[in-house]
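See below for the structure under consideration.
When reading the values below, keep in mind they use all heavy atoms of this one structure, side chains included, and skip hydrogens, waters and symmetry mates. Convention: sequence-line order gives letters A, B, ...; per-chain numbering from 1.
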Amino acid sequence: MQSILCFFFPATMTVVIGFEGSANKIGVGIIRDGEVLSNPRRTYITPPGQGFMPSDTARHHRAVILTVLKEALEEAGLKPADIDCVAYTKGPGMGAPLVTVAIVARTVAQLWGKPLLGVNHCIGHIEMGRLITKASNPTVLYVSGGNTQVIAYSERRYRIFGETIDIAVGNCLDRFARVIKISNDPSPGYNIEQMAKTGTQYVELPYTVKGMDVSFSGILSYIEEAANKMLSSGQCTAADLCFSLQETVFAMLVEITERAMAHCSSQEVLIVGGVGCNLRLQEMMGVMCEERGAKLFATDDRFCIDNGAMIAQAGWEMFQSGQVTELEDSWITQRYRTDEVEVTWRD
Amino acid sequence: MATGGDSNLEAGKLEFSLDVPFPSSHEALIALRSLSPDQEPRRGGISKQLSVSGSTLRWSADEARILRVSVSSFLDHLSLVIETMEMFGPSLLCDAAQVC
């Protein structure tokens, strides 16, 4: 009874708990009307040279999720009764980890008698970015290990203006990190960024922008081969390759972002997703923005990197606009386009 | 927890059924609704049916090849549901009953 009353007569304070685990990060976050009350997270880190596999990742999440959930409630100083809605990542992402997290979300939603909300992971990033930076209507560059999209809002949809036609930029960086066997702690991308700072030689790599879109798999094959040849012959260092890779792929991302901005006459750029933590990317984007008289928005690693609060925030928006996910419809999906979601909370 | 195995030689299919007793039908239903929404990773060749009768969760699948993987994964998920219920459920179920 109480939960139905909350639905038709929303309380002044709406508290949403969000569960995220679509890749190697498992996070549970709680948001109350735009305030992040807690956002604990754990990362599954593999040895150098290795990526993370779905079943191992799911096993990692399974081992820690209930502890992280407990932490989220304790840090927020809340009891389950204080929660109004349970949000979780419906997709996109890796199947096994998504299922593990969804199962816990469904179970607590039923145990606590709260409505459930399946959230699109990409939209979680966007809504968290909007909340934290207060950007009003930015062109969004969403870049992570699993996704690379340029997005702009138009008529109730987050429209994809440009994207990768093969692998995500973060995937390209992560797989290159494996080739040169650098540590995955705290993340391969972070370590590439640090190494790139000590690079002195620019190695020319393919530059593959295709109109509004980008491609990275060719660059990856090229640099993998270059690494094998040039590192052993001493033509360049791993740091030089890190530097060259960043300069190339980031320039490509800046180009397609600028193209989308021109189409939308946009004066704001928001970078979200794990690769958005990269300060060199932010710097390069900043240069382009300044040249256009536009403003750049970015968040720090608490929110760029996958986290539970971003799912809670998107869930909060969806819930306030009247959306709910029935249990039978709460299946996860590995493929879930950003523009599939009706953005009922914006005009 | 009672288990049974059967092989239907005529149809060439394997059946496996699993009865999972729960303290009450309320918990069995929660488990069912948490475990049934997702489709099997490989959709062809395996079918799974979850249902609740009384306080027992019944599960049967028919397919030789990936039966073991499906069963194993289901049991992992089931134990996660049970652990979640133990950690976040029991006392609250009584509270919910009073509020509702």
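- Of the listed residues Gln334(A), Lys79(A), Arg62(A), the one with more heavy-atom pairs under 4.5 angstrom with chain B than any other is Arg62(A).
- Distance check, rounded to the nearest 0.5 Å: CZ of Arg106(A) to OG1 of Thr84(B) gives 12.0 Å.
- No part of Ser73(B) comes within reach of chain A, as not one of its non-hydrogen atoms sits under 4.5 angstrom from that chain.
- Contacts of Ser144(A) classified as side chain to side chain contact (heavy atoms under 4.5 Å, CB included), with partners at least two apart in sequence or in another chain: Tyr142(A), Asn147(A).
- By a heavy-atom distance cut of under 4.5 Å, not one residue of residues 21-30 of chain A is near chain B.
- Between the OG atom in Ser34(B) and the CG atom in Leu116(A) there is a gap of 9.0 Å [rounded to 0.5 Å].
- Rounding to the nearest 0.5 angstrom, the gap separating the OG1 atom in Thr100(A) from the CG atom in Asp76(B) is 8.5 Å.
- Shown here is Trp331(A), whose CH2 atom has no more than 12 heavy atoms of other residues, nucleotides or ligands within 6.0 Å.
- Listed by chain and number, the residues in a side chain to side chain contact (heavy atoms under 4.5 Å, CB included) with Arg59(A) are Ser55(A), Asp56(A) (sequence neighbours excluded).
- Distance check, rounded to the nearest 0.5 Å: CG of Leu111(A) to CD1 of Ile30(B) gives 4.5 Å.
- Per-residue counts of heavy-atom pairs under 4.5 Å with chain B were compared for Ile332(A), Leu66(A), Asp329(A), Thr333(A); the largest is that of Leu66(A).
- Taking NE2 from His26(B) and CD from Gln110(A), the interatomic distance works out to 8.0 Å, rounded to the nearest 0.5 Å.
- Sorted pairs that involve residues 75-106 of chain A and meet ring-ring contact (aromatic ring centres under 6.0 Å, His included), not counting sequence neighbours, are lacking altogether.
- From Ile65(A), atom CD1 reaches atom CE of Met87(B) across 11.0 Å, with rounding to the nearest 0.5 Å.
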What verdict does the side-chain contact (heavy atoms from CB on, under 4.5 Å) test give for Thr107(A) and Phe88(B), after you've listed the backbone C-alpha separation in whole Å, the side-chain angles of each residue and the deciding distance to 0.1 Å? CA-CA 9 Å; Thr107(A) 306; Phe88(B) 295 97; over 6 Å; no
